[in-house]
Visitor: 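Next up is a structure, given as structure tokens.
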Amino acid sequence: MRSTVQTAEYYVSYFSFSASSNSFFTQIGSHFSASTFRTETALFTVYALCAIVVILIAVIAFMWIKNRNNAKYIPKDWVLHPAHIANTLNAARDENEKFEVQFHSDGEKRRSTTCRMASINEESVTIECSGLNNMQGDWVGKDIDCYFQVRKFGSGSTFFMFTTPITGVRSCTDGTAILTLKAPEKLEQRQKRAALRISPPQQYIMGLAAWSAPEGLIPKGKLDIRQWGRPMLTYLPEKSSQIALDNISAGGIKVRIPKAEMKTCGLDFKIGDKLFILLDLWDPDTGQRVRYWVLCRVQNPFIDFVTHDAELGMQFLYTAHSDTDNTSELEWNEDGLENGIESIGNWVMRRHLELYREKGI
């Protein structure tokens with residue numbers, strides 16, 4: 001009887017164990033399945049977030065590249081605000097400053113003249129130009145460059161230029177032309193290249209010679225400089241200092257002549273006198289000497305009250321070049337130098353930048 005009871009207890013405990021084991025494995029399986037589901041969900045979420053981040057980075061990079069390509073560089077010396085532009089032009093008008101106007105034209109050299117501003121409003125600028133009685137209506141729509149300056153008390157002058165089209169032309173009986181211009185959208189703080197001048201380093205001046213040009217000289221055809229004899233004034237490094245180059249621009253030079261040399265050459269330089277100049281400059285960019293033959297007009301003669309030296313501001317009129325067949329003869333370049341000598345202007349600009357770099361600006 002006892003054994004029967006024990007056997008019954010065994011089976012009861014076995015089935016209890018089996019039931020509990022099945023329940024345990026079922027719980028493990030359910031937990032395992034739930035854990036696997038949560039892992040897959042987490043991985044999917046991570047992948048989705050990574051995809052979103054990659055898409056955002058791609059969009060940001062695309063927008064940055066697009067904005068960089070479309071961005072316009074605006075120099076700091078440009079004046080763009082309409083009120084500032086109007087105030088600057090009004091200041092020049094109130095100071096009665098001259099406006100140098102250069103006309104754009106196809107197939108011919110640019111003409112330039114000086115004008116005076118008459119009026120300005122939000123839409124247009126009106127200027128009066130003398131000596132342009134042949135202006136025609138076909139100039140309407142063509143562009144012009146205007147150069148002017150505004151004087152600042154105690155701080156010198158600020159130079160500006162703007163480019164704008166002509167919107168109207170009216171000729172007066174006294175030979176004055178009234179030009180209506182579209183109000184400029186910007187002003188640039190810069191002066192005409194021909195006006196940018198520099199006092200060049202002495203080591204860049206390789207030689208200078210000056211002849212008094214005969215009256216009635218016609219800059220056309222050939223010129224035999226040997227017929228003029230020796231130059232009346234010369235500068236050769238460490239040899240002769242009868243004349244010195246004070247400054248130079250694309251449009252002209254200023255020279256200084258010592259008092260003693262003024263007496264020797266026997267000339268009293270007056271406005272309108274003409275000198276023929278030989279000028280040798282050193283170009284450090286090419287490592288070569290550059291020679292210029294230039295006919296000049298005396299514009300601003302001045303006698304220093306202390307040293308009694310003469311200072312002559314001269315404008316470039318015409319250039320000449322050596323004849324390829326006969327180096328002793330020169331041949332005139334018959335085009336006038338209304339806009340100066342471009343190569344000298346470039347040389348001056350580069351030397352100007354060199355000086356700024358040396359000063360650490």
Visitor: Taking Trp228 for its side chain and Ser212 for its backbone only, find out whether a donor-acceptor pair lies under 3.5 Å.
Guide: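 Between the backbone of Ser212 and the side chain of Trp228 there is no qualifying donor-acceptor contact (under 3.5 Å).
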Visitor: To check you understand the geometry: which heavy-atom pair defines the closest contact between His321 and Asn333, and what is its length?
Guide: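 Distance-wise, the nearest heavy atoms are ND1-OD1, 2.8 Å.
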Visitor: Between Ser240 (side chain only) and Thr234 (backbone N and O only), is there a donor and an acceptor less than 3.5 Å apart?
Guide: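 It does hold such a pair.
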Visitor: Could you tell me whether a side-chain N or O of Thr167 sits under 3.5 Å from a main-chain N or O of Thr180, the two making a donor and an acceptor?
Guide: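 Present.
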Visitor: For a quick test of reading the model, state the closest non-hydrogen atom pair linking Ala91 to Val150 and the distance between them.
Guide: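 Closest heavy-atom pair between Ala91 and Val150: CB-CG1, 4.0 Å.
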Visitor: With a 3.5 Å distance limit and no angle check, can you tell me whether Trp293 reaches the backbone of Trp332 through a side-chain donor-acceptor pair?
Guide: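 Not a single qualifying donor-acceptor pair exists.
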Visitor: Any donor-acceptor pair under 3.5 Å linking the side-chain atoms of Asp143 with those of Thr163?
Guide: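 No donor-acceptor contact under 3.5 Å links the two side chains.
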Visitor: In a check of side-chain contact (heavy atoms from CB on, under 4.5 Å) between Leu208 and each of Leu281, Asp280, Ile277, which one passes?
Guide: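 Going through Leu281, Asp280, Ile277 one by one, the side-chain contact (heavy atoms from CB on, under 4.5 Å) with Leu208 is satisfied by Ile277 alone.
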Visitor: Donor-acceptor check, side chain of Asp304 to backbone of Val306, threshold 3.5 angstrom: yes or no?
Guide: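 Such a contact is found between Asp304 side chain and Val306 backbone.
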Visitor: When you compare the side chains of Asn346 and Ser343, does any donor N or O come within less than 3.5 Å of an acceptor on the partner?
Guide: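 No.
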Visitor: Please confirm whether the backbone N or O of Ile198 pairs with a side-chain atom of Asn247, one donor and one acceptor, at under 3.5 Å?
Guide: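 A pair under 3.5 Å: no.
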Visitor: Could you walk me through whether Cys115 and Cys146 pass the disulfide bond (SG atoms under 2.5 Å apart) check?
Guide: CA-CA 9 Å; Cys115 304; Cys146 294; over 6 Å; no
